[in-house]
Amino acid sequence: MARIVVKFGGTSVADIERIKSVAARVKRIVDQGNEVAVVVSAMAGATNQLVQWVREAATLHDAREYDVVVASGEQVTAGLVAIALQEAGVDARSWLGWQIPVRTDGAHGKARIAGIDGDALIARMARGQVPVVAGFQGIGPEGRVTTLGRGGSDTSAVALAAAVRADRCDIYTDVDGVYTTDPRIVAKARKLNKITYEEMLELASVGAKVLQTRSVEIAMNHGVRVQVLSSFTDEPGTLVVDEGEIVEQEVVSGIAYSRDEAKITLIKVADRPGVAAAIFGPLADANVNVDMIVQNVSEDGRATDLTFTVSKADYDRAVQILEARRASLGFDRLVGDKNVAKISVIGVGMRSHAGIALRMFTALAEKGINIQVISTSEIKVSVLVAEEYTELAVRALHTAYGLDAA
Ligand code: ASP
Ligand code: MG
């Protein structure tokens, strides 16, 4: 017997037929003798529709009322899943965020969970009842409904699993696990049986949108074992676990890519203290996230070129901010390029193996792909290349690190 939190994403509860098959699946897990709590997303597309209505009502809207509207999608599915479970003969009861309560901070639209009281749910599960919890929502310090940011029901599920001390949190979605890379690009991509929290975080941060990043952080901090699996098959999925649980660790676990990057180079920036702060300060103030940054030493000690990346969506704003400050920052000119992609190889094995980056550079060189910018972390090497080489680069690296399926 285990205590399991199971979460179903929007596609898994997209219509009544699917909700009935979710109920049937939950019943099977209960019948195996497990204690189960369910967390649900809104029906696929429902949240988008709600967001659109809010925008149509007012471009500049009150964030508290935005949350009241967009949180409603999960209320519908929590009730429907509870009804379908009851209909299948399972004792079930729905719970909204405020009823548990799931306490959050007051950052409406992107609230962070401050704490969840798991006692009531633990007591109900002990008597054989299945709580069906509306994901994505909580209650703020002022007693108002909050939401956790798009994709936030993953975070609800993992945080709830921590609060009820669950043995596992199973996230049912429309993919059957985490792959070595995007199977749409590389036919030989393999499903991973296990991946570490840290690798999952890096994958999420470079665009593999399987889990909300925040949910992985919570899982890592609380040691929640998370499984990503499909609600349309009965195959085991991918377990996201602590490094110690993985016996045969590959050096590289996955290759990720992001086409959402743009490159900015400032030519002949003054080489003196305070310049980097003067450049990145205004960008940060405008909420522009800067990712890779490269600055070389200057030949003459006076001026140097500075290159960095921002997301494509922030590009125009970043250029505008910098051009407006050209005189005070003292750079010669700005050269921008939106035609770039970031390719990353990720693996905790990098900590203990040398030559990982070299293998990347060699594989790309063999394909004639020029590397524009390089950045590394303890378990990741990223390069920026021209966007048209994205697929070629990902395939070449997948082969170079021995990840291709047999
Ligand atoms: N329904 C919310 C969204 O679409 C939360 C979620 O699905 O995780 O973002
Ligand atoms: Mg999701």
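Atoms within each ligand, like the ligands themselves, are counted from 1 in listed order. Just so you know, residue 1 is the first one in the sequence shown, and it goes up from there. Hydrogens, waters and symmetry mates are skipped; everything else that's a heavy atom, side chains included, is used.
- In this structure, Arg124 places its CZ atom where more than 12 heavy-atom neighbours from other residues, nucleotides or ligands lie under 6.0 Å away.
- For the side-chain contact (heavy atoms from CB on, under 4.5 Å) with Lys342, the qualifying choice from Thr309, Asp291, Val383 is Asp291, the only one to do so.
- Ligand 1 has at least one atom lying under 4.0 Å from a heavy atom of Glu74.
- By the 3.5 Å distance cut-off applied to N or O atoms, Ser41 is counted among the residues near ligand 1.
- Numbered from 1 in the order shown, with element, the atoms of ligand 1 that lie under 4.0 Å from a heavy atom of Gly151 read 3 (C), 5 (C), 6 (C), 8 (O), 9 (O).
- Looking at Cys169 and Val158, their side chains come closer than 4.5 Å, going by heavy atoms from C-beta outward.
- Checked against a 3.5 angstrom limit, the closest N/O atoms of Thr47 and ligand 1 fall inside it.
- Geometrically, ligand 1 and Gly149 share no nitrogen or oxygen pair separated by less than 3.5 Å.
- Contact annotation: Gly135 has no heavy atom less than 4.0 Å from any atom of ligand 1.
- Residue contacts with ligand 1 leave out Gly10, since none of its heavy atoms falls under 4.0 Å from the ligand.
- A salt bridge is absent between Asp67 and Lys110; no separation between the charged side-chain nitrogens and carboxylate oxygens falls under 4.0 Å.
- Of all atoms in ligand 1, numbered sequentially from 1 with element shown, those under 4.0 Å from a heavy atom of Arg150 are 3 (C), 4 (O), 9 (O).
- Aromatic ring orientation, Tyr66 versus His61: parallel (interplanar angle below 30°, classes split at 30° and 60°).
- For Tyr172 and Phe232, the ring centers sit 6.0 Å or farther from each other.
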